[in-house]
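Structure first, commentary second.
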Amino acid sequence: MTVPLLKIGVVLSTMAMITNWMSQTLPSLVGLNTTRLTAAQGGYPDRSTGVLPANPEESWQVYSSAQDSEGRCVCTVVAPQQSMCSRDARTKQLRQLLEKVQNMTQSIQVLDQRTQRDLQYVEKMESQLRGLETKFRQVEENHKQNIAKQYKAIKAKMEELRPLIPVLEEYKADAKLVLQFKEEVRNLTSVLSELQEEMGAYDYEELHNRVSNLEERLRACMQKLACGKLTGISDPITIKTSGSRFGSWMTDPLAPEGDTRVWYMDGYHNNRFVREYKSMHDFMTSDNFTSHRLPHPWSGTGQVVYNGSIYFNKFQSHVIIKFDFRTSSISKSRQLDYAGFNNAYHYAWGGHSDIDLMVDEGGLWAVYATNQNAGNIVISKLNPNTLQIIKSWTTNHPKRSAGESFMICGTLYVTNGYSGGTKVYYAYSTNSSTYEYIDIPLQNKYSHISMLDYNPRDRALYAWNNGHQVLYNVTLFHVIRSEEL
């Protein structure tokens, strides 16, 4: 706004200077040396000044005013009577003066136009500034609202993290416990060394008891460390692209060290051929495999290889079969009483997935549904040798609403679907016979998961995703409680 105001000031100052020059210079230019000032009543000069000749009829008459009622400069020139000689020198001078006055009038009009334009510019800028001020006010209000939202988000996050504080305290206690183990081992090692030098200086039975007790405690500690609560699933790792839309693949969690054979089963029914690849590398890079023919076709994709045998659900039945690869024969079969089959209680994707067999750190499990439990999931711990049910747990989760499920450390984890956005959202713990709703994202890279099983040796999830064999690494949260050791 400063530049337009300065322009207006310059214009007004210029107009005043022109008026002053006209009132002082015009009389001398036309030879009008005799002047008379008229004063307004009260003795103060009027806003207009008249310059009058001695004989008005023989000369030009010029009237000037600093400004009119609208603030414009006004000059009035009255010509003499026509009887005056047109060749008079003063006539020529007055014509020149008249041209100058006309030029000045045009200049003043231009200045007036510029002044009006600048005034409009100032008014427009004023309007814009007011609008900008309003926007600043709105931004300030929105900023306050955003700060409030961020504060709520931070507060909610703090509420989520608050339950972890006692867990961290338990971790501190666990760290102290491990240090105690180290100290005891160090002490026993020292005693054993001294005992070798001086036989009989220490009671052998007491020493043996201490060693045995420490060994049991260490084994219990290692068992606790092997298990934990699922807290995260990695992005998928695509191992291979092969087969149809449905199928299963796996490795044996109880295979001897160095045995990395991969077992591959394409389709979910009316097939009885199992491929054996010598290693994960062979599975990824070649099609060299050995084919095993099962005595019966399988149903669904819930097969599992465990300790050298494959466990599968016989097609169109609730019979579980244990087939030994070493002898190429059935070593055991048993009916799973009351279990739904033949697409009675399948997973959400269908595919005769009524009975799902799986393993974890604790052994062999069967997940299915029964009429007695209103189609909700039933979890049964199986004896891997006899296939008898050791214990069962009934849940409140409908089997048909589950996308897939898997066991980790005695807890069944269930996904909310098999296509699109997928997550693990339900967990049932057989250790406490309780359930909870969770939220662990599972990236469904190829949009159709028809098999999802956990391998406790690899600590990974094996998945069949729309003709792609995929691996997910898992993150488990471990808590060691000293009173349990």
**Request:** Answer yes or no: does atom OH of Tyr446 have more than 12 heavy-atom neighbours from other residues, nucleotides or ligands under 6.0 Å?
**Result:** yes
**Asked** Under a 4.5 Å cut-off applied to non-hydrogen side-chain atoms, are Leu294 and Ile310 in contact?
**Response** yes
**Any donor-acceptor N/O pair, Arg457 side chain to Ala255 backbone, under 3.5 Å** = yes
**Message:** Evaluate Asn473 against Ile237 for side chain to side chain contact (heavy atoms under 4.5 Å, CB included), listing each step before the verdict.
**Reply:** CA-CA 9 Å; Asn473 293 314; Ile237 304 169; 3.9 Å; yes
**Request:** State the CZ-CG distance between Arg334 and Asn383, to the nearest 0.5 angstrom.
**Result:** 9.0 Å
**Prompt:** Is there side-chain contact between Asp453 and Asp356, with heavy atoms separated by less than 4.5 Å?
**Reply:** yes
**Item:** Pairwise side-chain contact, Leu230 with Leu476, heavy-atom cut-off 4.5 Å (strictly under)
**Value:** yes
**Asked** Using the ring of each side chain (for Trp, its six-membered ring), is Phe325 parallel, tilted or perpendicular to Trp263, with breaks at 30° and 60°?
**Response** parallel
**Request:** Could you grab the distance from atom OG of Ser429 to atom CD1 of Ile408, nearest 0.5 Å is fine?
**Result:** 12.5 Å
**Thr411 OG1 to Asp360 CG distance, which is reported to the nearest 0.5 Å** = 8.5 Å
**His468 vs Lys445 side-chain heavy atoms within contact, under 4.5 Å** = no
**Asked** Does the pair Val304 and Leu364 meet the rule for a side chain to side chain contact (heavy atoms under 4.5 Å, CB included), with working shown?
**Response** CA-CA 9 Å; Val304 63; Leu364 180 65; 4.0 Å; yes
**Prompt:** Is the number of heavy atoms from other residues, nucleotides or ligands within 6.0 Å of NZ (Lys240) greater than 12?
**Reply:** yes
**Prompt:** Got a donor-acceptor contact below 3.5 angstrom from the Ser353 side chain to the Tyr347 backbone?
**Reply:** yes
**Asked** Less than 4.5 Å apart, any side-chain heavy atom of Asp337 and any of Gln335?
**Response** yes
**Asked** When you look at Gln469 and Met284, which way does the side chain to side chain contact (heavy atoms under 4.5 Å, CB included) test go after all the steps?
**Response** CA-CA 10 Å; Gln469 290 73 52; Met284 295 172 63; over 6 Å; no
**Asked** Is it the case that more than 12 heavy atoms not belonging to Lys229 sit under 6.0 Å from its NZ atom?
**Response** no
**Item:** Any donor-acceptor pair under 3.5 Å from Trp393 side chain to Ser380 backbone
**Value:** no
**Asked** What are the two closest non-hydrogen atoms of Ser248 and Gln303, and how far apart are they?
**Response** OG-OE1, 2.8 Å
**Asked** If you measure from OG1 on Thr285 to CZ on Phe283, what distance do you get to the nearest 0.5 Å?
**Response** 10.5 Å
**Request:** Specify the closest pair of heavy atoms between Ala344 and Asp354, including all atoms of both residues, with the distance to one decimal.
**Result:** N-OD2, 2.8 Å
**Request:** Begin from the C-alpha positions of Met265 and Asn271 and carry the test side chain to side chain contact (heavy atoms under 4.5 Å, CB included) through to its verdict.
**Result:** CA-CA 8 Å; Met265 305 171 74; Asn271 191 358; over 6 Å; no
**Asked** Does the side chain of Asn371 pick up a donor-acceptor pair with the side chain of Tyr345 at under 3.5 Å?
**Response** yes
**Request:** Over all heavy atoms of both residues, which pair between Thr395 and Asn373 is shortest? Give the atoms and the distance, please.
**Result:** O-ND2, 3.3 Å
**Spatial distance of atom NE2 (His296) from atom CZ (Phe323) [nearest 0.5 Å]** = 10.0 Å
**Request:** May I ask you to check whether Phe246 and His352 place their ring centres under 6.0 Å from each other?
**Result:** no
**Prompt:** So do the side chains of Thr394 and Asn376 get within less than 4.5 Å of each other, counting heavy atoms only?
**Reply:** no
**Request:** Please name the residue in the list Ile239, Asp458, Leu461, Asn455 that meets the side-chain contact (heavy atoms from CB on, under 4.5 Å) test with Leu471.
**Result:** Ile239
**Request:** Assert yes or no for the condition that the ring centre distance of Tyr437 to Tyr426 is strictly below 6.0 Å.
**Result:** yes
**Validation row: Ser450, Tyr418 side chains within 4.5 angstrom (heavy atoms)** = no
**Prompt:** Which atom names give the shortest non-hydrogen contact between Ile233 and Pro441, and what distance separates them?
**Reply:** CB-O, 4.0 Å
**Message:** I'd like to know if the side chain of Asp266 and the backbone of Ser244 have a donor-acceptor N/O pair within less than 3.5 Å.
**Reply:** yes
**Prompt:** Atom CG in Leu387, atom CD1 in Ile320: separation rounded to 0.5 Å?
**Reply:** 6.5 Å
**Message:** Looking at Glu361 and Cys409, would you say the former's side chain and the latter's main chain have a donor-acceptor pair under 3.5 Å?
**Reply:** yes
**Asked** Quick one: does Arg272's side chain have a donor or acceptor within less than 3.5 Å of a partner on Arg293's backbone?
**Response** no
**Message:** Parallel, tilted or perpendicular, judged at 30° and 60°: which one describes the rings of His448 and Trp349?
**Reply:** perpendicular
**Message:** Run Tyr368 and Asn313 through side chain to side chain donor-acceptor pair (under 3.5 Å) and show every step you take.
**Reply:** CA-CA 11 Å; Tyr368 55 98; Asn313 174 213; over 6 Å; no
**Message:** Please evaluate residues Gln316 and Ser299 with respect to the criterion side chain to side chain donor-acceptor pair (under 3.5 Å), reporting the C-alpha separation (whole Å), side-chain torsions for both, the decisive distance (0.1 Å), and the verdict.
**Reply:** CA-CA 7 Å; Gln316 292 184 338; Ser299 182; over 6 Å; no
**Item:** Closest approach of Trp464 to Ser242 (non-hydrogen atoms, all atoms of both residues)
**Value:** CZ2-O, 3.8 Å
**Request:** Run through Asn444, Thr238, Thr422, Thr241 and flag the one making a side chain to side chain donor-acceptor pair (under 3.5 Å) with Asn465.
**Result:** Asn444
**Prompt:** What are the two closest non-hydrogen atoms of Arg261 and Thr251, and how far apart are they?
**Reply:** O-CG2, 3.4 Å
**Prompt:** Quick check: does any side chain N or O of Thr430 sit under 3.5 Å from a backbone N or O of Gly410, one acting as donor and the other as acceptor?
**Reply:** yes
**Trp298 (side chain) donor-acceptor with Gly267 (main chain) under 3.5 angstrom** = yes
**Request:** Kindly assign one of parallel, tilted or perpendicular to the pair Tyr264 and Tyr277, based on the angle between their ring planes and the thresholds 30° and 60°.
**Result:** perpendicular
**Prompt:** Of the options Tyr454, Tyr413, Trp365, which is the one that meets Phe406 in a ring pair (Phe, Tyr, Trp, His ring centres under 6.0 Å)?
**Reply:** Tyr413
**Fill in**
Residues at least two apart in sequence or cross-chain that pass salt bridge (Lys or Arg N to Asp or Glu O under 4.0 Å) with Asp324, listed by chain then number, are Arg326
**Asked** Considering only heavy atoms from C-beta outward, does the side chain of Thr415 approach that of Lys423 to under 4.5 Å?
**Response** no
